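All of these numbers come straight from a predicted model, not from anything done at the bench. Start at 1 and go down the list; that is how both ligands and their atoms are numbered. Side chains are part of it too, since the values below use all heavy atoms of this structure and drop only hydrogens, waters and symmetry mates.
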Amino acid sequence: VTLRRITSPGDLAEGYDLVVVGAGPAGMEAARIAASHGLDVLVADENRAPGGQIYRGITTARAADLARLGRDYAAGAGIAEAFARSSATYAPGTTVWSVTPSEPETSTGTGLDIGISLAGAATFVNARHVVVASGAIERPLPVPGWTLPGVMTAGAAQIALKTAGLVPEGRTIIAGTGPLLYLLAAQLLRAGATITAVLDTTPRGNWRAALPHALDFLRSAYARKGVGLVATVARGTRVFRGMTDFSIHGTARLDSVVMRRGSEETRIAADLVLLHQGVAPNLNLPLAMGCAYAWDEGRAAFQPTVDEWFGSSLADVSIVGDAAVIVGAAAAALQGAIAGHAVAWRLGKLASDMRDREVAPLRRRLAEAGRGRAFIDRLFRPADRFRRPRGETLVCRCEEVTAARVRETCALGVTGPNQLKAFLRCGMGPCQGRFCGLTVSELIAEERGLPLSEVGYFRPRIPVKPIALAELAALQKSDSAVAAVVGFVETPSPIHETEETP
Ligand SMILES: Cc1cc2nc3c(=O)[nH]c(=O)nc-3n(C[C@H](O)[C@H](O)[C@H](O)COP(=O)(O)OP(=O)(O)OC[C@H]3O[C@@H](n4cnc5c(N)ncnc54)[C@H](O)[C@@H]3O)c2cc1C
């Protein structure tokens, strides 16, 4: 058996048992296991090759790439090979832009209609179940100057390194907090980059919250990796810890960074600044479907609600990997495998006792893979200072809305992020809130003195990813179906809330 790879909408079947969104470790494993039980599975992923974030480019990596990207990266080759030997269908370069309940008159059956954009054409396929394995987004780090040319996210720099072997030239500063900050610094140093400095904004007080979990951490694989990374970075560049503030300066593009530690202020010349302060689940697709979610105070992030089988609050939708909770690649793959068995059971291909037997060892490995995670989450919880900007710092880059404007508008009595859209259009630009969503919710919570659990997050609208109007216009479905999909007409639907929002 080998994976069937498709590159044209004409090769898509009208319906599948399961559509998996994302071909990272979680999606690849969910698809492989579900297909092994005889389900007809389609995996749609925006990237040109499987791997997701961590294993990006793994199927074409050479020995030199494997050496500089580290052992964790190389581990992805096994998952990608197993996926390639599965009977799933894989559509690379494919964006999933909507998931709605099936249109009874046009679909092949009950279940969900999935809006797909492939090779410049939009189309729908039907599925009995959807597994969302769409990964994480990088949490924004909105400091003054973060939108200047020459400033990127650490993740973007890593994508350039993994997919094109691009290594930054000139004076590079990496700033923020989180394990990925040190991982990227080590990867860039190994690739020959000059890193002028790492500005670590991890609040010193976080140690107190992390300490009770230190024993678990020390017994975990994270400890060995973490110590190695910190040592590599310390040997290769200067690390400034305990940053209490920093800002990025320049006119046409950045030229320097001003960092503050207490009352001490230092300016460093820079050509490139890479920002990062952790990752959070990519919620756009689950929330557009109407999946339930909650605020996790420890991780300072919204997460979709999932059960022990990674089923969401909607019967036909499961969510796995970083899209559900930030757990790391090994745990993401195990979650995907558990969900693959669970979906096979749900769709009648696997008896419950067989499912439980298959899943028991996976659960043990999942618990092992998560060991030490609580320490990391607490240690790298970003400071309020860097999550809740003030003044003229941009919050929404698409619509150019500043922190001051968001705060002033809150003072007018705005009740939540969805109402704020009507005032300021935050979350309505091309990124659909991926850059500003967390910041907007946090600012509303602070200004109105409300818990984040009450403020909530944007309810994104479909299409959750930008697709060309020409693609929508060329759709073959009935006018009412297309209109409902793009939100011009509100139709009652079992997976949408009725709350009125723009
Ligand atoms: C920028 C970034 C860099 C990271 N780098 C590392 C690293 O080097 N090492 C590490 O241990 N961890 C890293 N992480 C964490 C890492 O993502 C997880 O450990 C692991 O990859 C999670 O696997 P996953 O399968 O859940 O999601 P991912 O691996 O993120 O895979 C999700 C996939 O879904 C696709 N997708 C998303 N939305 C859609 C859509 N609407 N339509 C079609 N496809 C879609 C994405 O393109 C992606 O290929 C990184 C995270 C981010 C955000």
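Ring-centre distance between Tyr222 and Phe375: not below the 6.0 Å cut-off.
Every pair passing salt bridge (charged side-chain N to carboxylate O under 4.0 Å, His left out) that includes a residue from residues 286-312 is listed here, sequence neighbours excluded: Asp296-Arg299, Glu297-Arg381, Arg299-Asp377, Glu308-Arg363. Among residue pairs with one or both ends in residues 18-33, those qualifying as side chain to side chain donor-acceptor pair (under 3.5 Å) are Glu29-Arg32; sequence neighbours excluded. For residues 147-156, no pair satisfies salt bridge (charged side-chain N to carboxylate O under 4.0 Å, His left out), with sequence neighbours left out.
Below 30°, between 30° and 60°, or above 60°: for Tyr293 and Phe302 the angle between ring planes is above 60°, a perpendicular geometry.
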Could you pull out the N/O contacts under 3.5 angstrom between ligand 1 and the surrounding protein atoms?
| unit_1 | atom_1 | unit_2 | atom_2 | d |
| --- | --- | --- | --- | --- |
| ligand 1 | 5 (N) | Gln158 | OE1 | 2.8 |
| ligand 1 | 8 (O) | Gln158 | NE2 | 2.5 |
| ligand 1 | 8 (O) | Lys162 | NZ | 3.4 |
| ligand 1 | 17 (O) | Asp322 | OD2 | 3.1 |
| ligand 1 | 19 (O) | Ala329 | N | 3.0 |
| ligand 1 | 25 (O) | Pro25 | N | 3.3 |
| ligand 1 | 25 (O) | Ala26 | N | 2.9 |
| ligand 1 | 26 (O) | Asp322 | N | 2.8 |
| ligand 1 | 29 (O) | Gln53 | N | 2.9 |
| ligand 1 | 41 (N) | Val96 | O | 2.9 |
| ligand 1 | 42 (N) | Val96 | N | 2.9 |
| ligand 1 | 44 (N) | Glu46 | N | 3.2 |
| ligand 1 | 47 (O) | Asn47 | ND2 | 3.4 |
| ligand 1 | 49 (O) | Asp45 | OD1 | 3.2 |
| ligand 1 | 49 (O) | Asp45 | OD2 | 2.7 |
| ligand 1 | 49 (O) | Asn47 | ND2 | 2.9 |

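Remark: Glu368 does not engage Arg365 in a salt bridge, criterion side-chain N to carboxylate O under 4.0 Å.
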